[in-house]
Amino acid sequence: MSTISVSDLNKKSAKQWLKSASKDDVVITSKGQPVAVLLRIAAASVESTRALVRSFRALQAQSALQQAAAASGASELSMSDIDAEIAVSRRARRRK
């Protein structure tokens with residue numbers, strides 16, 4: 001997988017970087033940090049590729065939530081603790 005910075009991407013013509021992308025997937029960086037990936041796909045697989053990307057993003061979000069819950073201790077709550085938190089929140093919402 002090759003890498004190109006946003007500034008290099010702006011300097012090169014679309015023809016040049018599309019030629020690079022036809023050989024391999026390209027990681028696009030900004031200030032040294034990855035910000036995007038340019039993937040090669042066939043025209044017939046655009047929708048299935050988009051669906052896969054959406055699924056991957058959902059898995060990333062789920063993983064982030066699980067890590068946050070573990071870090072805060074929320075992953076250790078029992079169902080009765082969770083039910084109590086929900087009840088408190090619902091009562092507070094009704095008072096508004």
Side-chain angles (χ1 to χ4, degrees):
M1 192 175 297
S2 58
T3 303
I4 188 169
S5 69
V6 172
S7 59
D8 287 342
L9 194 59
N10 286 328
K11 291 175 190 172
K12 291 183 180 181
S13 72
K15 192 178 235 181
Q16 285 179 310
W17 57 265
L18 282 174
K19 186 178 178 184
S20 313
S22 69
K23 298 176 189 168
D24 198 9
D25 299 334
V26 179
V27 176
I28 301 170
T29 61
S30 177
K31 299 177 184 173
Q33 298 298 314
V35 293
V37 177
L38 184 62
L39 302 172
R40 295 174 296 118
I41 60 170
S45 67
V46 172
E47 288 307 314
S48 61
T49 302
R50 290 182 69 205
L52 285 170
V53 169
R54 284 191 300 271
S55 295
F56 178 72
R57 285 182 178 154
L59 287 172
Q60 282 182 313
Q62 178 184 7
S63 177
L65 288 171
Q66 288 172 334
Q67 289 173 3
S72 70
S75 62
E76 303 300 320
L77 293 174
S78 67
M79 280 309 292
S80 60
D81 292 336
I82 293 170
D83 289 339
E85 287 290 327
I86 291 171
V88 167
S89 178
R90 286 180 177 163
R91 281 193 298 272
R93 198 172 355 141
R94 285 186 203 127
R95 292 181 193 147
K96 289 182 180 183

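Met79 shares a hydrophobic cluster with Leu77, Ile82, Ile86; the chain of contacts runs through ILVMFWY side chains whose heavy atoms sit under 4.5 Å apart.
The two atoms that bring Ala70 and Ser75 nearest to each other are CA-OG, 3.4 Å, heavy atoms only. Across all their heavy atoms, Ser2 and Asp24 have their closest contact at N-OD2, 3.4 Å.
For the pair Ser78 (side chain) and Asp81 (backbone), a donor-acceptor distance under 3.5 Å is present. Checked by atom type and distance alone, the side chain of Ser63 never pairs as donor or acceptor with a backbone atom of Leu59 at under 3.5 Å.
Distance OG1/Thr3 to CG/Asp8: 11.0 Å, rounded to 0.5 Å. Rounded to the nearest 0.5 angstrom, Asp25 CG and Leu38 CG are separated by 7.5 Å. Rounding to the nearest 0.5 Å gives a distance of 12.5 Å between CD of Glu85 and CZ of Arg90.
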Stepwise, does the side-chain hydrogen bond (donor to acceptor under 3.5 Å, both in side chains) test hold for Ser7 with Asn10?
-> CA-CA 5 Å; Ser7 59; Asn10 286 328; over 6 Å; no
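By the salt bridge (charged side-chain N to carboxylate O under 4.0 Å, His left out) test, Glu47 is found to be paired with Arg50, residues two or more places apart in sequence or in another chain being considered.
Placement of Leu9 and Val35 within a single hydrophobic cluster is found when ILVMFWY residues are connected by side-chain heavy-atom separations under 4.5 Å, directly or transitively. Val26 is connected to Val6 through a chain of hydrophobic side-chain contacts under 4.5 Å among Ile, Leu, Val, Met, Phe, Trp and Tyr, so both are in one cluster.
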